[in-house]
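This report concerns only the one structure given below.
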Amino acid sequence: MSDADLALRALRLLDLTDLSDQASETGALQLCARAVAAPGPVAAICIWPQFVKLARQSLKASPVRIATVINFPAGNSNCSLIGSDITEAIADGADEIDLVLPWRAFLAGDAEIAREMVAEARGSCGNKTLKVILETGEYPDQAAVRAASELAIAAGADFIKTSTGKTKTSATPAAARTMLEAIKASGKPVGLKPSGGLRTLADAKTYLDLANELMGPDWATPQTFRFGASGLYGVLADIIAGTAPAERTDGAY
């Protein structure tokens with residue numbers, strides 16, 4: 001597969017994201033326009049809840065899905081607002097909910113509060129897509145990543161996602177492998193979203209290669225695999241257009 005073909009495949013799996021502190025209505029509209037412009041469309045946009053209604057008006061009948069974040073980025077343990085926040089986001093037009101697992105509580109031994117929150121979110125999402133963010137860069141080892149993955153899958157996640165992108169360590173191949181192994185072992189149609197720290201075509205290829213290895217070459221589609229990365233879009237678009245410097249994706253740089 002050529003670099004341009006690989007970049008196009010990755011772009012079709014991209015959740016084009018703006019979760020910055022400087023996010024604005026103008027920026028949300030620009031994100032929507034970029035999501036549907038050539039060489040798109042991307043799979044989805046991911047934005048703060050206050051911009052969902054505006055994005056829905058902008059994207060109208062576009063195939064680009066609208067994702068928003070709940071309990072983000074802190075991953076608090078309070079479940080009381082989860083249902084109402086999700087219900088409001090869906091009413092505004094969200095197709096997908098990216099929920100941060102209360103990972104500190106989970107790592108402290110309170111798995112039940114984490115399970116309760118995911119189950120609450122699952123019930124509130126109805127037939128909308130629920131992605132559960134584990135924040136794997138903060139975990140002490142892969143055994144904890146595996147346990148959190150299994151909990152989220154059992155409680156109803158449609159996707160498990162590595163990271164918020166707001167911590168020092170975001171997505172890693174080791175965490176993605178562990179998460180894919182948990183998905184495969186579950187036998188459930190659950191997807192993976194590596195998120196944060198992906199900046200190059202080689203980064204994208206690393207995660208697609210893992211998916212190909214563990215799940216099969218046809219598994220990674222927008223229904224089962226997403227990239228969450230603010231900076232990846234421009235890199236991929238330039239490679240597709242042939243205007244980017246040559247990038248090695250064979251492991252040599």
- Under the ring-ring contact (aromatic ring centres under 6.0 Å, His included) test, which residues partner W48, sequence neighbours left out? F72

- Message: Applying salt bridge (Lys or Arg N to Asp or Glu O under 4.0 Å), can you list everything that pairs with E25, at least two apart in sequence or on another chain?
- Response: none

- Residues D203 and T200: side-chain donor-acceptor under 3.5 angstrom: yes

- Separation between SG (C125) and CG (L99), nearest 0.5 Å, reads 8.0 Å

- Item | Greater than 12 external heavy atoms within 6.0 Å of K166's NZ | yes

- Tell me, which pairs form a salt bridge (Lys or Arg N to Asp or Glu O under 4.0 Å) where one or both residues lie in residues 222-239, sequence neighbours left out? D15-R226, E96-R226

- ring-ring contact (aromatic ring centres under 6.0 Å, His included): pairs with one or both residues in residues 4-27, sequence neighbours excluded: none

Could you list the donor-acceptor pairs under 3.5 angstrom formed between side-chain atoms of residues 143-151 and any protein atom two or more places apart in sequence or on another chain?
from, atom 1, to, atom 2, distance (Å)
R146, NE, E150, OE2, 2.8
S149, OG, V145, O, 2.8

- Message: Considering only residues two or more places apart or on different chains, which pairs with a residue in residues 138-162 satisfy ring-ring contact (aromatic ring centres under 6.0 Å, His included)?
- Response: none

- salt bridge (Lys or Arg N to Asp or Glu O under 4.0 Å) filter on R104, not counting sequence neighbours, yields none

- Query: Going by distance alone, is a donor N or O of one side chain under 3.5 Å from an acceptor N or O of the other, for T129 and R65?
  - Reply: yes

- Item | Pairs involving residues 68-89, ordered by first then second residue, that meet salt bridge (Lys or Arg N to Asp or Glu O under 4.0 Å) (sequence neighbours left out) | none

- Item | With sequence neighbours excluded, residues passing ring-ring contact (aromatic ring centres under 6.0 Å, His included) with F225 | F227

- Message: Clusters formed by hydrophobic residues whose side-chain heavy atoms approach within less than 4.5 Å: which one holds L29, and what are its other members?
- Response: L54

- Note on the structure: Paired with V64, the side chain to side chain contact (heavy atoms under 4.5 Å, CB included) test is passed by just one of V42, L16, L31, D95, namely V42

- By salt bridge (Lys or Arg N to Asp or Glu O under 4.0 Å), R34 pairs with (sequence neighbours left out) none

- Query: So, are K161 and D98 salt-bridged, with charged N and O less than 4.0 Å apart?
  - Reply: yes

- Item | Donor-acceptor pair, side chain of S195 and main chain of T162, under 3.5 angstrom | no

- Item | salt bridge (Lys or Arg N to Asp or Glu O under 4.0 Å) partners of K128, counting only residues at least two apart | none

